[in-house]
Structures are given as structure tokens and as C-alpha cells.
Q: 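Let me begin by handing over the structure; questions about it come next.
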Amino acid sequence: MLLILKPDKEQLGHEAARIVAHAVRRNPSLRLGLATGSTTLTLYKELVRMHRDEALDFSGLVTFNLDEYLGLPANHSESFHYFMHEHLFRHVNVKPENIHIPDGTITGNYDTYCCSYEQAIRDAGGIDLQILGIGRNGHIGFNEPTSSLGSRTRLKVLTKETIDDNRKSFAPGEKVPECAITMGIGTILEAKRVLLLASGSSKATSIAQAIEGPVTASVTASALQHHPDVTFIVDQQAGAQLRHHDYYARVLRLTAELTPDRL
Ligand code: GLP
């Protein structure tokens with residue numbers, strides 16, 4: 001586990017973009033797992049800038065998004081389809097046929113659909129680098145507390161807390177989705193490398209629990225403690241409840257010195 005502490009959301013996004021761009025340059029056919037949420041915005045903005053100013057090439061990339069609301073049309077402004085196209089895909093040269101986002105408009109045969117999403121990931125050769133955000137309740141993707149730590153892509157009922165958090169982005173009075181399709185914890189743990197981004201004081205408790213607490217289905221991000229190559233990039237506020245700052249800083253310094261490729 002590596003922890004990179006940044007002063008603010010802007011610099012957090014830039015650091016994440018540096019890592020993603022390095023991975024893309026090393027492997028132009030990278031299979032990249034993507035997340036949505038406000039925390040990822042500075043990452044995508046910086047990747048778009050790198051594509052424009054530094055010719056960062058997305059043409060060989062294969063992408064898999066983590067999750068999608070159930071019941072929203074793809075062109076709804078709160079759908080994750082819309083988010084990804086608006087903030088990344090339409091600005092870079094990723095091939096449309098290489099983009100995979102769970103289909104939130106399906107109305108039945110959920111298990112069959114979710115198995116086919118898993119199969120598409122396997123057919124592509126697995127995910128090389130998975131980007132994650134984290135929910136206030138410690139969820140990754142939409143793997144709410146009590147999700148099985150071995151879970152695969154599936155239909156998931158959202159908690160009231162998550163629905164209330166999401167409500168802020170919807171129009172007043174508009175129905176907020178109660179369900180989503182999400183990669184499972186087991187799916188996420190199979191990615192070769194994981195990069196989790198967290199910003200703001202509302203994430204401080206879940207970050208401390210995920211990194212320093214016990215591995216528990218009550219905080220599904222804590223399952224990442226079982227992952228062999230996970231990097232957390234957090235800003236000061238999200239890292240405020242961590243206890244071992246000095247140790248993380250030394251790990252980072254010596255990793256940069258001894259195995260710079262890991263960064
Ligand atoms: C939703 C997504 C998560 C994401 C989280 C954080 O719950 N399903 O994948 O990590 O939002 O969003 P934000 O960055 O806006 O706090």
C-alpha cells in the first residue's frame with residue numbers, strides 16, 4: 001500500500017493523471033478501469049489537457065467503468081455514461097468500441113447482463129489499472145456496506161445514505177435511483193493495480209477505516225488491504241484522521257528512491 005498525500009483536490013488529480021499517463025505511455029493498449037464522481041474531475045481534466053498539449057494517445061486504450069445507476073437513460077445528465085462522455089471521452093481519441101460502461105437501461109435478466117460484463121473484462125485480458133473514488137460510508141463502486149467481499153458485477157440496492165448523497169446532484173423533486181449495476185469487490189480486487197482518490201473532510205473517516213481499520217464488509221474499501229498494489233491519493237482533509245502519516249511519507253520517499261517504477 002502506498003499513500004500519497006496532496007494539499008488539495010487539484011494536485012491530487014494531477015498526481016493521479018501523472019500515474020495514469022505513465023501507465024498509458026508504457027502500455028498503449030492499457031485496460032483502464034474508470035470511476036465517476038466529483039473527485040475524479042481534476043484527473044479527467046488533466047488527462048484531457050495531456051491529450052491536447054502532450055499528445056497523450058488513448059487510441060489503443062480499453063476502458064471499463066465501475067458502475068452505473070439503474071433506470072437512467074444514457075443521456076440523463078446524472079448518468080455515468082453522460083459524465084464519462086462529458087468529462088473525458090468526447091475530448092480524447094479513445095475508440096467508442098473500446099468503451100465499456102454498465103448499461104443502466106436494462107429492465108430484466110440482470111444476472112445474465114452482469115455476467116456478460118464480467119466476461120467482457122476477462123475477454124479483454126483483465127483490468128491493468130483501476131481508478132476508484134470512495135463513498136462517505138466507505139463504499140467503492142456501489143459496493144455498499146455488507147456487500148460480500150468476493151462479490152462480482154451485479155445489481156445492487158443503494159443505502160439511504162448513498163441515495164441522500166446522490167440526491168444533491170439531481171433536480172429538486174426528481175426521483176433518485178435506488179439501484180445500480182456495479183463491479184463487485186472481487187472484480188475490483190482482480191485489477192493489477194488500484195488507484196483510489198479521496199478528497200474533502202467528508203471522506204476522512206472512511207479513508208482512515210479503509211486503510212487503518214479492520215478488513216470488514218461494513219467498509220468495503222477496507223478489502224483493498226488484500227490487494228498487492230494499491231495506491232491511495234488523498235488530500236489533507238481526507239487524510240486528516242490517519243494516524244501513521246510519518247510512516248506513509250517515509251514509505252513514499254524510499255519507494256521513489258529504490259523502486260521508482262512503482263510510482
Ligand atoms: C459514487 C460512485 C463511487 C464514487 C463516489 C464518490 O458513489 N458510485 O464510485 O467513488 O460516488 O463520489 P464523489 O467523488 O463525488 O465524492
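Remember, it's 1-based here, ligands and their atoms both numbered in the order they're listed. Only this structure's heavy atoms are used, side chains among them; waters, hydrogens and symmetry mates stay out.
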Q: Would you mind running through ligand 1 and noting each atom that sits below 4.0 Å from a heavy atom of Asp67?
A: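 Near Asp67, the atoms of ligand 1 are 2 (C), 8 (N), 9 (O).
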Q: Would you say that Asp235 contacts Ser199 through its side chain, given a criterion of any heavy-atom pair below 4.5 Å between the two side chains?
A: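 A side-chain contact under 4.5 Å exists here.
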Q: Number the atoms of ligand 1 from 1 as they appear, then name those within less than 4.0 Å of a heavy atom of Gly133, with their elements.
A: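 With Gly133 as reference, the close atoms of ligand 1 come out as 10 (O).
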Q: For atom 12 (O) of ligand 1, grab the closest protein heavy atom and report residue, atom and distance to one decimal in Å.
A: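 Residue, atom and distance for the closest contact: Gly37 CA, 3.8 Å.
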Q: Just by distance, with hydrogens left out, do Glu174 and His76 show a side-chain donor and acceptor under 3.5 Å apart?
A: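 There is such a pair (donor and acceptor under 3.5 Å, judged by atom type) between the side chains of Glu174 and His76.
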Q: Which bit of Ala35 is near ligand 1, meaning a heavy atom under 4.0 Å away: side chain, backbone, both or neither?
A: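 Answer for Ala35: neither.
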Q: With only distance considered, is Lys203 within less than 3.5 Å of ligand 1 through an N or O on each side?
A: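 Yes, there is a polar N/O contact under 3.5 Å.
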Q: Asn166 to ligand 1: N or O pair under 3.5 Å?
A: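 It does not: no N or O of Asn166 is found under 3.5 Å from an N or O of ligand 1.
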Q: Which atoms of ligand 1 have any heavy atom of Thr39 under 4.0 Å away?
A: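 Under 4.0 Å from Thr39, ligand 1 has these atoms: 13 (P), 14 (O), 16 (O).
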Q: Quick one: sort the Tyr117 and Phe64 rings into parallel, tilted or perpendicular, breaks at 30° and 60°.
A: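 Rings of Tyr117 and Phe64: perpendicular, over 60°.
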Q: Starting from atom 4 (C) of ligand 1, find the nearest protein heavy-atom neighbour and note its residue, name and distance.
A: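 The answer is Thr36 O, 3.9 Å.
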Q: Are the side chains of Thr39 and Lys203 in contact, using a 4.5 Å heavy-atom criterion?
A: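 Yes; the side chains approach each other to less than 4.5 Å.
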Q: For Asn27 and Ser29, which I'm curious about, is there any donor-acceptor pair between the side chains at under 3.5 Å?
A: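 There is such a pair between these side chains.
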Q: Taking the non-hydrogen atoms of Ile134, is any one of them nearer than 4.0 angstrom to ligand 1?
A: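 Judged by the 4.0 Å heavy-atom criterion, Ile134 does count as contacting ligand 1.
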Q: Measure from the side-chain N and O atoms of Gln209 to the backbone N and O of Ala221, and report whether any donor-acceptor pair falls under 3.5 Å.
A: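 A pair under 3.5 Å: no.
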Q: Under 6.0 Å between ring centres, would you say that holds for His91 and Phe58?
A: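 No: the rings miss the under 6.0 Å criterion.
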Q: Please identify which atoms of ligand 1 are closer than 4.0 Å to at least one heavy atom of Gly141.
A: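 Counting atoms of ligand 1 from 1, those under 4.0 Å from Gly141 are 2 (C), 3 (C), 8 (N), 9 (O).
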